[in-house]
Amino acid sequence: MKFAVLDLETTGHGVEDDILQVGLCVVSEELEIIDSFHSFVKPTIPIPAFITQLTGIGEEDVADAPGLDAVLKALLPFLDGAVLVAHNVGFDAGFLNQALVRCGYNRLSTRRLDTIELLRILYPTITTYQLGAVTELLHIEHAQHHRADSDAKATAELLIHLVNKLRQLPLLTLQRLSALVDDGKDLSWFLKETLQRMEVRTVFESNEYDYFNQFAIKVREWPEEQPPRASQLSEPFEQVSFESYLENVQESFKSRFDNYEERPAQSAMFHEVYESLSSNRHLLIEAGTGTGKSLGYLIPALYHGIKSNKKVVVSTHTINLQEQLRHRDLPLLAEVLPFDFKASIFKGRSNYLCLRKFEGKVNAKDLASPIEDAMTAAQMVVWLGETETGDQEELNFGSKGADFWSTVASDTESCLNRSCPWFKRCFYHRAKHEANIADVCITNHSLLFTDVQADNRLLPGYTHLIIDEAHHMEEVASKHLGMQVGYLSLAHTLTRLYKDARTGLLPALRLKLANEDDAHQSAWLETIDTVIPIFNEIREHWDKLFELFYNYTHVSDERVSDNGQTVCRLKKTELPDDWDHAVQAEGNVYTELNKVVRTVEKMMEDVKERADDLSVQALLTDLNGAMRELARVKDELRMFIQLDQPETVFWIEASAAYRHRSVQLYGVPVDVSEKLRQYFFDVKESVVMTSATLTVQKSFEYAKEQLGLTGYEEQGRLLSVQLPSPFNYREQALVVIPRNFPALRGSSVGSEYVVKLAASLADAAIETRGRMLVLFTSYRMLKQVYEVLKDLLAAEGITVLGQGIDSSNRTKLTRRFRQSPEAVLLGTSSFWEGVDIPGEALICLAIVRLPFQPPNHPLAEAKAEKLQRMKQNSFMKLSIPQAVIRFKQGFGRLVRSSQDKGIVIIYDTRVIETYYGKHFLYSLPGPKIETMHTEQMTSRMREWLAIANAQS
């Protein structure tokens, strides 16, 4: 067997396009590059400018190149008897066959392998399959990206790397892969060939894995692990004051890092956090970018927790920050702190894989989407040999991966606990055990509220809580203390129960029960055969109900959100004309679901008592989970249709693209401040809340009102602290406001405005040579500006990247932006916070509009109505503070370190023309602010950047 690794550069992707360059490497079965071929090809059409920009191939490179026929004639002998390999082989093979037919040759019928498919299986955790990024990650030399000779060589080295890894997998893993990817295609053939090769050559399996139930996994049985310092006779801080501890820590930092400098703001944070934890007081502390906020609370929290023998729980809003703490801050503290400590990361249960469910799914080949699910399961089989956590965050799923995960994720209802054969290897119970014995447990806001709703049975007991990214606390509380039901809520569960005669929990149970020798067997089978047809009736009623809900979102006064969602608020006193039809359809769904749940639960109880087969018991456990999910959907739908919950706002959202299948129903409390007091501030000894954006105009009033902290300061139970910024914003940032820029009123954007905005952005981008982030509040406007700006900057060689256009993945877009030497990145919603682009990669930030939330969103509307009933101005009490905090988050994207310098352009002249504009500008951390005419901007930018560069 030999491999012919091919790469083509072309004038485009269409049938009329030509090949510009061919690169090929031949790899032997022993995985050595034994031959190569490359040549330019003279095209019959001009080379587009963007192709020259991408590849560096211009007309002068191909002027004297041989024609296509001559190149193919030289290429074909290399392909004879070889497996064709490419990075996205469908494109290269398709284009090559197109060229062969054009020149009178037969199409290639050789076997094909795609390095992207192999990467997906063998590297299930990498976040990109782009060749340049992968070669960098795997340390493969790749001299010239988008040149066929260099790309072919890099792909050949990648193939060698991948096949080596495949051959080094445990035999059990190879056997699992071969059984899963069994569709008769070339990848399936290659896996079987590799398995046969390794079965002959493998004598002993590696002892770096644990082998159980025909799986090779990395983690061993989790022992009854002891708490940290269990063997020590005394606690480390018995005679050590907090000041002495801090001095020790700072000396340790200085000895390890030559350029370590004490940060006054961080030192202040150490003391404020410790004082609040040790004096049982709550703390609101705003710590700007660069403070070192994570260490600012972890260092005092660990001291206090260990000295007082009390667990501290840290909660973040994003899993990204949880992962940053896991991979960056905690390992650093393990080196620096003068004692042993244990920190655990604990997430919501559905983030962890249930090994029992996964085993059952793989053994039965119970795959709802045979090709995609087989690929996802194959990824996970390899991942089991690498993961220590079983956390889905590590995996990079394909298009239907999330659906597959939902069927194998850990959950309470289907857990066998200590009866499960996988219990001692269970990822969830391992994480829970580690949380129980840890000094500090790091979780997220979602799990905080899930724990509250589960009567505090999930998280370990705690009295001291630190909430990072606290400006999201109220929003997460609203979501978790309310209800949400979507069309797919029921559809997914019904599919899990029964997809067809071979797929689903009920067919699987029926198959098992058919082999049971029991007097009740025929009654059990009859129950299953009776229940399955009811699912079709339920689906019909469900579809009818959700079609009605969808129609309600398209009434005359419809509200269309920026992402194309239409929204309909429901009030008990103002119901749609045919609401009684919805009530009737819901009644039918409720009745039929009730019948299914009662009938199946009764049968399950009988089977459980009489059948001893462990696989039957496991199926019953999963079935119980599905029944509970049906009951939850049934009850929440009833709550929604009755609209009876006090102080709750109900609404429907839907998208025209997916019609009734996109419908989501919401019921959310209007005000969660009392609940926050009840669950946290009245019962916990100390809650520390921190964020870079808690104040509005230097005041904490808005945060206190939203979080339910009003009055605590007067009782001596709360302190509010705004730490000084560690950066010199006066020198590091210039804010430019073009005062004659056209004002924009309402949500509609005319073409004249788009042209002016794009022209101004293009002028600024040319001045900064890209390195620019543009923040929008509207995806619609982003799309309008994208095309115009791209045309304006094409001749300058500046790339334009658009969120939702070039990619919807924020991480991938940010990486592409960093890797492009001259680029402008257009982002909306998620780019206003959590994006970190330090250094020279970003020197200009443009804010197109002030980030006000749509006032007609049902939740915003209900909050405003409540304030109005209290005779308060909802615009000043709600809309302005929300927008200011978002604005501060956006501004914070620019200066990420003490070395960063840059310019912020605010195109929304309301900041200088309206009475409320000062709230935005006064909330900024002291940058230089200048207003000028639009046409003066670029010269001022040039002047300021020249001075900034001269000073650095």
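Here the structure is a predicted model, which is why all the values come from computation and not from measurement. These numbers come from the heavy atoms of this one structure, side chains and all, not from hydrogens, waters or symmetry mates.
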Taking atom CD of Glu526 as the centre, does the number of heavy atoms from other residues, nucleotides or ligands within less than 6.0 Å exceed 12? no
Are the charged groups of Lys595 and Glu592 less than 4.0 angstrom apart, N to O? yes
For Gly486 and Trp542, work out which heavy atoms get closest and say how close. O-CZ2, 3.6 Å
Any side-chain heavy-atom pair from Tyr498 and Leu505 closer than 4.5 angstrom? no
Out of the candidates Glu394, Glu208, Glu388, Glu386, only one should pair with Lys218 under the salt bridge (charged side-chain N to carboxylate O under 4.0 Å, His left out) rule; please name it. Glu388
So do the side chains of Arg167 and Val163 get within less than 4.5 Å of each other, counting heavy atoms only? yes
Looking only at the side chains, is there a donor atom on one of Asn351 and Tyr428 sitting less than 3.5 Å from an acceptor on the other? no
Got a sec: does the OH of Tyr658 have more than 12 other heavy atoms crowding it under 6.0 Å? no
Is there a donor-acceptor contact under 3.5 Å from the side chain of His541 to the main chain of Ala585? no
Considering non-hydrogen atoms only, spot the tightest contact between Pro669 and Ser478 and give its length. CD-O, 3.7 Å
Intermediate values then yes/no, ring-ring contact (aromatic ring centres under 6.0 Å, His included), His660 and Phe549: CA-CA 7 Å; His660 73 281; Phe549 286 146; over 10 Å; no
Heavy atoms, side chains only, cut-off 4.5 Å: are Leu448 and His480 in contact? no
Does any part of the side chain of Leu355, heavy atoms only, come nearer than 4.5 Å to the side chain of Leu384, both counted from C-beta? yes
Working for side chain to side chain donor-acceptor pair (under 3.5 Å), residues His445 and Thr316: CA-CA 6 Å; His445 300 353; Thr316 71; 5.9 Å; no
Residues Ile126 and Asn396: closest non-hydrogen pair is O-ND2, 2.9 Å
Ser489 side chain to Val485 main-chain N or O, any donor-acceptor pair under 3.5 Å? no
About how many Å separate CD of Glu586 and NZ of Lys544, when rounded to the nearest 0.5 Å? 13.0 Å
Could you tell me if Arg111 sits above the aromatic ring of Phe190, with its cationic atom closer than 6.0 Å to the ring centre and no more than 45 degrees from the axis? no
Between Leu481 and Gln453, is there a side-chain heavy-atom distance shorter than 4.5 Å? yes
Derivation of the side-chain contact (heavy atoms from CB on, under 4.5 Å) call for Trp383 and Ile217: CA-CA 8 Å; Trp383 174 64; Ile217 57 180; over 6 Å; no
So Arg356 and Glu359, salt bridge (charged side-chain N to carboxylate O under 4.0 Å, His left out) or not? Walk me through it. CA-CA 5 Å; Arg356 180 188 62 77; Glu359 179 195 11; over 6 Å; no
Any sub-3.5 Å donor-acceptor pair from Asn551's side-chain atoms to Glu547's backbone N or O? yes
Phe358 side chain near Phe215 side chain, heavy-atom distance below 4.5 Å: yes
Look at Arg425 together with Asp210 and state whether they make a salt bridge at an N to O cut-off of under 4.0 Å. yes
N/O donor-acceptor pair under 3.5 Å between Asn444 side chain and His317 backbone: no
Lys512: side-chain hydrogen bond (donor to acceptor under 3.5 Å, both in side chains) partners, not counting sequence neighbours: Ser615
If you apply the rule side-chain contact (heavy atoms from CB on, under 4.5 Å), what do you find for Asp186 with Val89, and how did you get there? CA-CA 12 Å; Asp186 293 339; Val89 74; over 6 Å; no
Are any of the side-chain nitrogens in Asp373 or Lys361 under 4.0 Å away from the carboxylate oxygens of its partner? no
Might you work through the side-chain contact (heavy atoms from CB on, under 4.5 Å) test for Met375 and Val181, ending with a clear yes or no? CA-CA 7 Å; Met375 181 62 79; Val181 185; 5.7 Å; no
Measure across Ser414 and Thr621 and return the closest heavy-atom pair with its distance rounded to 0.1 Å. O-CG2, 2.8 Å
If only side-chain N and O atoms count, and only distance matters, is there a donor-acceptor pair under 3.5 Å linking Arg349 with Ser410? yes
Would you check, one step at a time, whether the test side-chain contact (heavy atoms from CB on, under 4.5 Å) holds for Phe346 with Tyr352? CA-CA 10 Å; Phe346 196 34; Tyr352 299 98; 3.8 Å; yes
Check whether more than 12 heavy atoms from other residues, nucleotides or ligands sit under 6.0 Å from atom CD1 of Ile371, and answer yes or no. no
Salt bridge present between Arg610 and Asp518 (N-O < 4.0 angstrom): yes
Verify ring-ring contact (aromatic ring centres under 6.0 Å, His included) between Phe640 and Phe650, making sure each step is shown before the conclusion. CA-CA 7 Å; Phe640 183 86; Phe650 294 94; 5.8 Å; yes
Under a plain distance cut-off of 3.5 Å, with no hydrogens placed, do Trp651 and Glu653 share a side-chain donor-acceptor pair? yes
For atom CG of Asp577, decide whether the heavy atoms of other residues, nucleotides or ligands shown that lie under 6.0 angstrom number more than 12. no
Could you check if a side-chain atom of Ile652 sits within less than 4.5 angstrom of a side-chain atom of Tyr666, using non-hydrogen atoms only? no
Taking atom NZ of Lys365 as the centre, does the number of heavy atoms from other residues, nucleotides or ligands within less than 6.0 Å exceed 12? yes
Taking 4.0 angstrom as the limit, do Glu372 and Arg120 come out as a salt bridge? yes
Does Gln322 use its side chain to pair, donor to acceptor, with the backbone of Ile442 at less than 3.5 Å? yes
Of Arg628, Lys357, Arg632, which is the lone residue that meets salt bridge (charged side-chain N to carboxylate O under 4.0 Å, His left out) with Asp411? Lys357
Could you measure the distance from the OG atom of Ser178 to the CD atom of Glu193? Nearest 0.5 Å is fine. 10.0 Å
If we ignore hydrogens and angles and just use 3.5 Å, is the side chain of Trp524 paired with the main-chain N or O of Met604 as donor and acceptor? no
Among side-chain atoms of Thr553 and Thr566, is any donor-acceptor pair under 3.5 angstrom? yes
Flag yes if more than 12 heavy atoms outside Lys192 fall under 6.0 Å of its NZ atom; otherwise flag no. yes
For Leu113 and Leu187, work out which heavy atoms get closest and say how close. CD2-CA, 4.1 Å
When you measure from the centre of the six-membered ring of Phe423, is the NZ or CZ of Arg418 under 6.0 Å away and within 45° of the axis? no
Cation-pi check, Lys165 onto Tyr123 ring (under 6.0 Å, within 45° of axis): yes
Please report the shortest heavy-atom distance between Lys311 and Tyr462, naming the atom on each side. O-CB, 4.1 Å
Does a side-chain N-to-carboxylate-O contact under 4.0 Å join Lys499 and Asp366? no
Residue pair Thr376 / Trp405, side-chain heavy-atom distance below 4.5 Å: no
Could you check whether any side-chain N or O of Asp114 sits under 3.5 Å from a backbone N or O of Ile116, counting only pairs where one atom can act as donor and the other as acceptor? yes
When you measure from the side chain of Thr648 to the backbone of Pro646, do you find a donor-acceptor pair of N or O atoms at a distance under 3.5 Å? yes
For the side chain of Asn436 and the backbone of Lys432, is there at least one donor-acceptor N/O pair under 3.5 Å apart? yes
